[in-house]
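Convention: sequence-line order gives letters A, B, ...; per-chain numbering from 1. All heavy atoms count here, side chains included; hydrogens, waters and symmetry mates do not.
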There are 2 protein chains.
Amino acid sequence: MNTIPRDTAHCPVRKAMNLIGSKWKVLLLENLRDGRKRDGELKRLLPDISEKVLIQELKDLVASGLLTKHAYPEIPPRVEYELTDSGQQALPIVDSLVAFGKQHLAA
Amino acid sequence: MNTIPRDTAHCPVRKAMNLIGSKWKVLLLENLRDGRKRDGELKRLLPDISEKVLIQELKDLVASGLLTKHAYPEIPPRVEYELTDSGQQALPIVDSLVAFGKQHLAA
DNA sequence: TGCGGTGCCTACCTCCAGGTAAGAAACATT
DNA sequence: AATGTTTCTTACCTGGAGGTAGGCACCGCA
């Protein structure tokens, strides 16, 4: 008897990893925790992420329902991304990751 | 001014991801939370992981100081893996991932 | 008229996590 | 002998995450 399902369809860990387990998603969530930010702003905060991947990850997060995208039809265009309630529910993960990471940076 | 360093050497999130961000490590920690287990036992609990990767991940976790390996010089050989204190400190991450994952499996 | 900022897209490529397959050491059991 | 059990290793290969490079639309401004 398995109390812990392992397949993607039923395993919570797998599901969570699929949603935010990529290289940059957690850092994006972390940077958005204190309010909505523009695409360029995020790019500035995460200089090492490529333009392509940034847009792609943001799109994924929006599709997953963790972010909301606000597009303003101005010139030049302005776009802002914001955590949804679902996105906020991921913050404990960010917190525990940060805590754990700090612990191991010190050591 | 960046309050959040992003490079692997100083970013807590990155550090944490490097330690347990692979496909199976979190699931291994989860399965070891209730006590030490043998290699074959873990293999049985995680049928989809390949032998090679299982050993490799366990070796990584031991090298990272999250697991302890107990080898008994018996025939046939017996090996047990156990969470260290550092490993236990990763459990909040597992918990928050599970909580978040469950939330999104329901939806 | 050319340049800069902004958000986004496309083609292309590299690298490596992770899979498969096979086997080795060492004994116990049949 | 022959086969099984258990831990672990090696060689090989593939898919896909993520990087690079470049272009597009739109306008303001010098």
Side-chain angles (χ1 to χ4, degrees), chain A residues 6-8 11 13-32 36-64 66-82, chain B residues 6-8 11 13-32 36-64 66-82:
Chain A
R6 284 152 263 90
D7 50 302
T8 307
C11 172
V13 172
R14 277 280 225 285
K15 179 68 177 176
M17 297 284 268
N18 284 344
L19 290 177
I20 61 168
S22 72
K23 182 174 180 181
W24 296 100
K25 292 205 176 74
V26 173
L27 290 172
L28 286 174
L29 297 179
E30 187 184 27
N31 279 285
L32 285 172
R36 55 164 68 180
K37 285 194 174 55
R38 306 185 51 167
D39 177 288
E41 211 170 347
L42 292 168
K43 190 183 177 182
R44 201 164 30 77
L45 291 168
L46 274 48
D48 293 346
I49 193 174
S50 71
E51 188 76 24
K52 189 196 80 170
V53 174
L54 174 60
I55 306 282
Q56 172 186 302
E57 298 288 73
L58 288 171
K59 203 190 287 181
D60 283 356
L61 289 170
V62 170
S64 307
L66 303 189
L67 294 188
T68 309
K69 173 177 175 175
H70 306 269
Y72 300 86
E74 307 170 353
I75 295 294
R78 180 164 59 104
V79 177
E80 292 181 345
Y81 294 91
E82 186 182 19
Chain B
R6 285 150 264 90
D7 50 301
T8 306
C11 172
V13 172
R14 276 282 221 286
K15 179 68 177 178
M17 297 283 268
N18 284 344
L19 289 176
I20 60 167
S22 71
K23 183 174 181 182
W24 296 102
K25 292 206 177 72
V26 174
L27 291 172
L28 285 174
L29 297 179
E30 188 183 26
N31 280 284
L32 285 172
R36 55 164 67 180
K37 285 195 174 56
R38 305 186 52 169
D39 176 287
E41 210 169 348
L42 291 169
K43 190 184 178 181
R44 201 162 28 78
L45 290 167
L46 274 48
D48 293 347
I49 193 174
S50 71
E51 188 75 25
K52 190 197 81 171
V53 174
L54 173 59
I55 306 281
Q56 172 187 301
E57 299 288 73
L58 288 172
K59 205 190 286 182
D60 284 355
L61 289 171
V62 169
S64 306
L66 302 189
L67 293 188
T68 308
K69 173 177 176 175
H70 306 270
Y72 300 86
E74 307 171 353
I75 295 296
R78 179 164 60 104
V79 177
E80 292 181 348
Y81 294 91
E82 186 182 18

*Could you give the NZ-to-C1' distance, from B:Lys23 to D:dG16, as a whole number of Å?*
12 Å
*Identify whether any heavy atom of A:Tyr81 sits under 4.0 Å from a base atom; if not, whether one sits that close to sugar-phosphate; answer base, sugar-phosphate or nothing.*
sugar-phosphate
*Any A:Arg38 side-chain nitrogen or oxygen under 4.0 Å from OP1 or OP2 of C:dG7*: yes
*Identify, with sequence neighbours excluded, every residue that meets salt bridge (Lys or Arg N to Asp or Glu O under 4.0 Å) alongside A:Glu80.*
A:Arg36, A:Arg78
*Nearest-Å distance for atom pair CD1/C1', residues A:Ile55 and D:dT20*: 16 Å
Give every donor-acceptor pair under 3.5 Å between a side-chain atom in residues 49-58 of chain B and any protein atom, sequence neighbours left out.
{"unit_1": "B:Ser50", "atom_1": "OG", "unit_2": "B:Val53", "atom_2": "N", "d": "3.3"}
{"unit_1": "B:Glu51", "atom_1": "OE1", "unit_2": "B:Lys43", "atom_2": "NZ", "d": "2.6"}
{"unit_1": "B:Glu57", "atom_1": "OE1", "unit_2": "B:Lys25", "atom_2": "NZ", "d": "3.3"}
{"unit_1": "B:Glu57", "atom_1": "OE2", "unit_2": "B:Ser22", "atom_2": "OG", "d": "2.6"}

_Which is more 5' along DNA chain D, the nucleotide nearest B:Lys43 or the one nearest A:Gln56? Just name the residue._
B:Lys43
*Summarise how protein sits on nucleotides 23-28 of chain C as a single string, 5' to 3': B when a protein heavy atom is under 4.0 Å from the base, S for sugar-phosphate-only contact, - for no contact.*
---SS-
*What is the distance from atom NZ of A:Lys69 to atom NZ of A:Lys59, rounded to the nearest 0.5 Å?*
7.5 Å
*For B:Ala71 and for A:Glu57, find the nucleotide of DNA chain D with the closest heavy atom, then tell me which residue's nucleotide is more 5'.*
B:Ala71
*Contact check, side chains of A:Lys23 and B:Arg14, non-hydrogen atoms, under 4.5 Å*: yes
*Taking atom C1' of C:dA17 as reference, at what distance in whole Å does atom CG of B:Asn18 sit?*
13 Å
*Supply the atom-to-atom distance A:Ile20 CD1 to A:Leu28 CG, rounded to the nearest 0.5 angstrom.*
11.0 Å
*Looking for any heavy atom pair under 4.0 Å, which part of the strands does B:Lys69 touch: base, sugar-phosphate only, or nothing?*
sugar-phosphate
*B:Asn31 backbone acceptor or donor facing B:Lys37 side chain under 3.5 Å*: yes
*To the nearest Å, give me how far apart CE (A:Met17) and C1' (C:dA17) are.*
12 Å
*Selection from D:dT20, D:dG18, C:dG7 that lies nearest to any side-chain heavy atom of A:Ser22*: D:dG18
*Would you mind reading off the distance between B:Ile49 atom CD1 and D:dT7 atom P, rounded to a whole angstrom?*
14 Å
_B:Asp39 side-chain proximity, nearest of C:dC8, D:dT20, D:dT7_ = D:dT7
*To the nearest Å, give me how far apart CG (B:Leu54) and P (C:dG19) are.*
11 Å
*Measure the spacing between CZ of B:Arg38 and OH of B:Tyr81 and express it to the nearest 0.5 Å.*
11.0 Å
*Length of the NZ-P vector between A:Lys52 and C:dC13, whole Å*: 13 Å
*asked:* Could you tell me how far apart B:Lys59 (NZ) and D:dT7 (P) are, to the nearest whole angstrom?
replied: 15 Å
